[in-house]
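Down below is the structure, laid out as structure tokens.
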Amino acid sequence: MQQITLVVVAIILGLGFGRLTGGAEFSTLVCVAAGVFLVTPSLFKFKLSDLTSIKNHMPSVRKNLWINYLLLAAGALAIGYASQDIGIAAALFLLALLPGGGMVMMWIKQSGANVKLGFMIFMLNLILLLPVTLIFSQFQAIADPFFPEPNLNGVGHVMSSEGIMPLAPFVILIVIPFLLSRIALKFFPPLVEFTGRHQQLISRVTMFGIVFYLFSLATSQLLFDVSLFDLAKAFVATGAFYGVAIGAAMYFSDDSANDRAVFWHIATRYITLALIIAVFSVDSYGASFILPIMIAYFIQMGSAGFLSKRQINRVG
């Protein structure tokens, strides 16, 4: 509950600060901060030899892959097409391609799921960032003929981007944190021990700072420029997408520890990473592109607490 409150407060304060100041400019340092302070501490417990144990959990791994990258991606495309807004469609497709997230391990631990399996799937989904960003970078070219032209009014002054660099998220969120974790384990054991004792606090402070910063950006201030109709349409579309995601998570998982770990990687999305990527694409899709990603914070935070209690009650 504290984590949910923290994120909601960060969103409100970020939007308020951006509204008063006109919005901050985006810096790639926020991606570096996410990699160093959110991903690196998790890798202290990761060994390359752990990858060999994936073969013992192939049913769970396959379930994670086909539900997230086939079923939910198809669901996102269908809902996006029904909205007839290429910005909403692109945002939902991006969310579908980014399962799990920075808080997924917390939900896995709280619900008594298989933590080791949950972490392996988390790492697998991060490794897939490279093909995911490559796929998403082609979305506009493929989807354009099926949607009306996006409304780009007010977007030009926010950011002029050159699109997503597919290697960037992979390098910043996988390669650099992995190298830092190996250096720390070998040369700075006290730092690893300190981080282990205070990982929850470090995670919360970092999450608050990143969410506050992202919602204070000039890009996020586009929220105040959209019509109520577009906002309502985005809310319905995002709610429908989460309905598909949570419904699939419930239908295709049982109460076993392994399935509960898979459940959370289906029911939740890596929203913070989606918002970072959105900054590079908003001038292509219009203001409506950021709406589902912002709305996803509130839907996911609200539903995760309920789903966690539901799993605990079913098992306990």
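The shown structure was predicted, so the numbers you read here are calculated from the model rather than taken from an experiment.
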Original post:
Linking I/L/V/M/F/W/Y whenever any side-chain heavy atoms sit under 4.5 Å apart, do V36 and F187 land together?
Top reply: no

**OP:** Please report the closest heavy-atom contact between T272 and M207, naming both atoms and the distance.
**Re:** OG1-SD, 3.9 Å

Original post:
Does anything in residues 171-191 pair up under side-chain hydrogen bond (donor to acceptor under 3.5 Å, both in side chains), and if so which pairs, sequence neighbours excluded?
Top reply: none

Subject >> Considering all heavy atoms, the nearest N68-N64 contact >> reply: ND2-OD1, 2.9 Å

Original post:
Would you say F17 has more than 12 foreign heavy atoms packed within less than 6.0 Å of its CZ?
Top reply: no

Subject >> side-chain contact (heavy atoms from CB on, under 4.5 Å) between L126 and L129, intermediate numbers included >> reply: CA-CA 5 Å; L126 280 181; L129 274 177; 4.0 Å; yes

**OP:** State, with a plain yes or no, whether a side-chain heavy atom of I88 is found less than 4.5 Å away from one of K233.
**Re:** yes

Original post:
Could you give the distance from CG (L94) to CD1 (I135), rounded to the nearest 0.5 Å?
Top reply: 11.5 Å

Original post:
Does S308 use its side chain to pair, donor to acceptor, with the backbone of A304 at less than 3.5 Å?
Top reply: no

Original post:
Same hydrophobic cluster for V32 and I176, using side-chain heavy-atom links shorter than 4.5 Å among ILVMFWY?
Top reply: yes

**OP:** Name all residues meeting the side chain to side chain donor-acceptor pair (under 3.5 Å) criterion together with D254; count only those two or more places apart in sequence or in a different chain, and write none if there are none.
**Re:** S256

Subject >> Between CG on residue L273 and CD1 on residue I277, distance to nearest 0.5 Å >> reply: 4.0 Å

Original post:
Do any N or O atoms from the side chain of T238 and from the backbone of F235 form a donor-acceptor pair under 3.5 angstrom?
Top reply: no

Subject >> Rounded distance [0.5 Å steps], OG1 in T195 versus CG in L201 >> reply: 11.0 Å

**OP:** Quick one: closest heavy-atom pair of R260 and A113, and the distance?
**Re:** CB-CB, 3.5 Å

**OP:** State whether the side chain of T133 and the backbone N or O of L130 hold a donor-acceptor pair below 3.5 Å, judged by distance alone.
**Re:** yes

**OP:** Please answer whether the main-chain N or O of L134 pairs with a side-chain N or O of S137 as donor and acceptor at a distance below 3.5 Å.
**Re:** yes

Original post:
What residues, two or more places apart in sequence or in another chain, satisfy side-chain contact (heavy atoms from CB on, under 4.5 Å) together with F139?
Top reply: L77, I86, A89, A90, F93, F136, A143, Y285

Original post:
Are I67 and H265 close enough that some pair of their side-chain heavy atoms sits under 4.5 Å apart?
Top reply: no

**OP:** Measure the shortest side-chain to side-chain distance between I266 and S253 over non-hydrogen atoms and say whether it is less than 4.5 angstrom.
**Re:** no

Original post:
About how many Å separate CG of N56 and NZ of K116, when rounded to the nearest 0.5 Å?
Top reply: 9.5 Å

Original post:
Can you name the closest pair of heavy atoms from A248 and L71 and give their distance?
Top reply: CB-CD2, 4.0 Å

Original post:
Name the one of V211, I210, L217 that satisfies side chain to side chain contact (heavy atoms under 4.5 Å, CB included) with Y213?
Top reply: L217

Subject >> hydrophobic_cluster_shared for L117 and I127, side chain cutoff 4.5 Å >> reply: no

**OP:** Scan residues 57-89 for pairs that pass ring pair (Phe, Tyr, Trp, His ring centres under 6.0 Å), counting only residues two or more places apart or in two chains.
**Re:** W66-F252

Subject >> Worked verdict on L65 versus L124 for side-chain contact (heavy atoms from CB on, under 4.5 Å) >> reply: CA-CA 9 Å; L65 293 175; L124 174 63; 4.1 Å; yes

Original post:
In terms of the angle between their ring planes, are F208 and F212 parallel, tilted or perpendicular, with boundaries placed at 30° and 60°?
Top reply: parallel

Original post:
Between atom CG of N125 and atom OH of Y270, what is the distance when rounded to the nearest 0.5 Å?
Top reply: 11.0 Å

Original post:
Are any non-hydrogen side-chain atoms of L307 and T268 less than 4.5 angstrom apart?
Top reply: no

Original post:
Do V61 and F122 share a hydrophobic cluster (ILVMFWY, side-chain heavy atoms under 4.5 Å, transitive)?
Top reply: yes

Original post:
A33 and T206: which non-hydrogen atoms are nearest, and at how many Å?
Top reply: O-CG2, 4.2 Å

Original post:
Do the side chains of N258 and V262 get nearer than 4.5 Å, heavy atoms only?
Top reply: no

Subject >> L214 with L29, same ILVMFWY side-chain cluster at under 4.5 Å >> reply: no

Original post:
Which pair of heavy atoms, one from G112 and one from A257, lies closest together, and at what distance?
Top reply: O-CB, 4.3 Å

Subject >> Pairs satisfying salt bridge (Lys or Arg N to Asp or Glu O under 4.0 Å), at least one member in residues 56-68, at least two apart >> reply: K63-D259

Original post:
F37 and V205: side-chain contact (heavy atoms from CB on, under 4.5 Å), yes or no, with the steps?
Top reply: CA-CA 9 Å; F37 295 106; V205 172; over 6 Å; no

Original post:
Would you say the side chain of F241 lies within less than 4.5 Å of the side chain of I299, judging by non-hydrogen atoms?
Top reply: no

Original post:
So do the side chains of I12 and V9 get within less than 4.5 Å of each other, counting heavy atoms only?
Top reply: no

Original post:
Got a second to check how far F44's CZ is from L180's CG, nearest 0.5 Å?
Top reply: 8.0 Å

Subject >> N/O donor-acceptor pair under 3.5 Å between S111 side chain and I108 backbone >> reply: yes

Subject >> side chain to side chain donor-acceptor pair (under 3.5 Å) partners for S288, two or more places apart >> reply: D85

Subject >> Any side-chain heavy-atom pair of P292 and I295 under 4.5 Å >> reply: no

